[in-house]
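Okay, structure first, notes after.
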Amino acid sequence: DFQYPHTFVLLGASGDLAKKKIYPTIWYLFRDNLLPRHTKFVGYARTKQTMAEVKEKCKKYIKVRPGEEDKLEEFWQANEYFAGSYDKRIDYEMLNQLIHKHEKGPVANRIFYLAVPPTLFEDVTVNIRNACVSLKGFTRVIIEKPFGRDDVTSDKLSNHLAGLFKEEQIYRIDHYLGKEMVQNLMTLRFANQIFNPSWNRENIASVLISFKEPFGTEGRGGYFDDFGIIRDVMQNHLLQILSLVAMEKPVTLNPNDIRDEKVKVLRHIQPINLNDILVGQYIGNPDGQGEETSGYLQDPTVPNDSVTATYALAALWINNARWQGVPFILRCGKALNERKAEVRIQYKDVPGDIFDSNAKRNELVIRVQPGEALYLKLMSKSPGMKFDLVETELDLTYSLRYRKADVPDAYERLILDVFTGTQMHFVRNDELKEAWRIFTPILKELEEKHIKPVPYVYGSRGPLEADSKLAEYDFKYSGSY
Ligand code: BG6
């Protein structure tokens, strides 16, 4: 299909996501000649602005290496901007005409990226369907979370979309699925005999999947307070990782076979129990030490009695033959001490100990970011005359083994997948439904009971209570998490 004209329409082109993420991403794909040769880009939003103004707004976020100035100019030449409303069909008809102008030949494809607030999803998709679908090629729509805020609202959105497009046309982005190490999970599990036989309840004590960020809601308090960390990160990014860690081997690498297995493992998970969750909210540094930081409630866009969680730790239980009894601990938080996303597969203690309990547990660590790495913690004899044990690592740190350029950005990979029609790394409707089934009851319970999150200090490791919770789940702390 790459020989035919393509149009990439960015709805919400005047917004934050567009300038910070989507324009830079399409520029990198264009620069590296990864897109179809005849690709046009059309920005669409309510704001009246010229292309010169769009360029100016994006400048700060678009990286241009020396010698790439001409290519960048070529990129902007392939761009147009069109101001229109989101709810008037007539504006989309004009957009359609504008796209049509470029579509020479028998085949032409269209991709619509909705970088707009969720309140506009319905209007925008109806209008695309009514006025902008390609009559001589594919039409695909990319949407970003939030896909609803609970099971009911998510179903409503799904039904709405299903009335307009086929599932093959809908690309629900979870950008964690575009990350290198998340994509590596299947290879690691299913292309290595060494892991496969031990990947189960007989050998694994617990699995910890973490997301940590060193900054608070700065500027996004409005959106965030409505959703909270559980909906923002745990129900999507962390649960997606869980399903890749825990699923059975798919029949083939076909995207639907993979997603069938992901759905299947999710179906074995019971909704989260109140005893299995700890929620936290960050406060400012009480004694003014370190950096000046203010607490979540001091964010002017947050109501000052908000009980929205900015930190959460939850244990999920998979009731199947492979995993029964093994806690999958999901943990995420903002305003913590560092940026880190990783998976820790913690093996059980070695039975029949002959080392006076000096042997620590094996742990397989899959570090998603920063600094992709895969390492296996194991015990070894300390070199020398003595017969001492030492904990060491088999270490595959990507920066030492590969070039940085070998690891593409998640958005680049995912947007390219939409051009090629690869849905493997996108969320299917039934996966989403399962995710909400698992999370909706606990979200409701937290809200209805008005459960107060425990405080933790901005820049700390999180609530102190989290460590005892981890111990409860037989996760042995051994280092820097
Ligand atoms: C987004 C969340 O989905 O992921 C943000 O809405 C979060 O709150 C972001 O900061 C983290 O993404 P990354 O790629 O920087 O880890």
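Atoms within a ligand are numbered from 1 in the order they appear, just like the ligands themselves.
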When the aromatic ring centroids of Tyr28 and Tyr411 are compared, is their separation below 6.0 Å?
no
Would you mind listing which atoms of ligand 1 come within a distance below 4.0 Å of any non-hydrogen atom of Lys334?
5 (C), 7 (C), 8 (O), 10 (O)
Indicate, as side chain, backbone, both or neither, the part of Phe211 found under 4.0 angstrom from ligand 1 when only non-hydrogen atoms are considered.
side chain
Atom CZ of Arg129 with >12 non-hydrogen neighbours under 6.0 angstrom
no
Atom 9 (C) of ligand 1: the protein heavy-atom neighbour that sits closest, reported with distance to 0.1 Å:
Glu213 OE2, 4.0 Å
Which option out of Arg231, Lys212, His175, Lys145 puts a heavy atom nearest to atom 12 (O) of ligand 1?
His175
Aromatic contact, Phe211 with His237 (centres under 6.0 Å):
no
Among non-hydrogen protein atoms, atom 6 (O) of ligand 1 lies closest to Asp232 OD1, 2.6 Å
If you measure from the Lys or Arg side-chain nitrogens to the Asp or Glu carboxylate oxygens, is any gap between Glu122 and Lys156 under 4.0 Å?
yes
What atoms of ligand 1 come within less than 4.0 Å of a heavy atom belonging to Gln369?
13 (P), 16 (O)
Tell me, please, whether Tyr23 has Lys19 positioned over its six-membered ring: NZ or CZ under 6.0 Å from the ring centre and within 45 degrees of its axis?
no
Between Tyr61 and Lys21, is there a cation-pi geometry (under 6.0 Å to ring centre, at most 45° from the normal)?
no
Looking only at protein heavy atoms, which one is nearest to atom 16 (O) of ligand 1, and what is the separation?
Tyr176 OH, 2.4 Å
Classify the contact between Arg339 and ligand 1 as side chain, backbone, both or neither, using a heavy-atom distance cut-off of under 4.0 Å.
side chain
Atoms in ligand 1 with a heavy atom of Lys179 nearer than 4.0 Å:
13 (P), 14 (O), 16 (O)
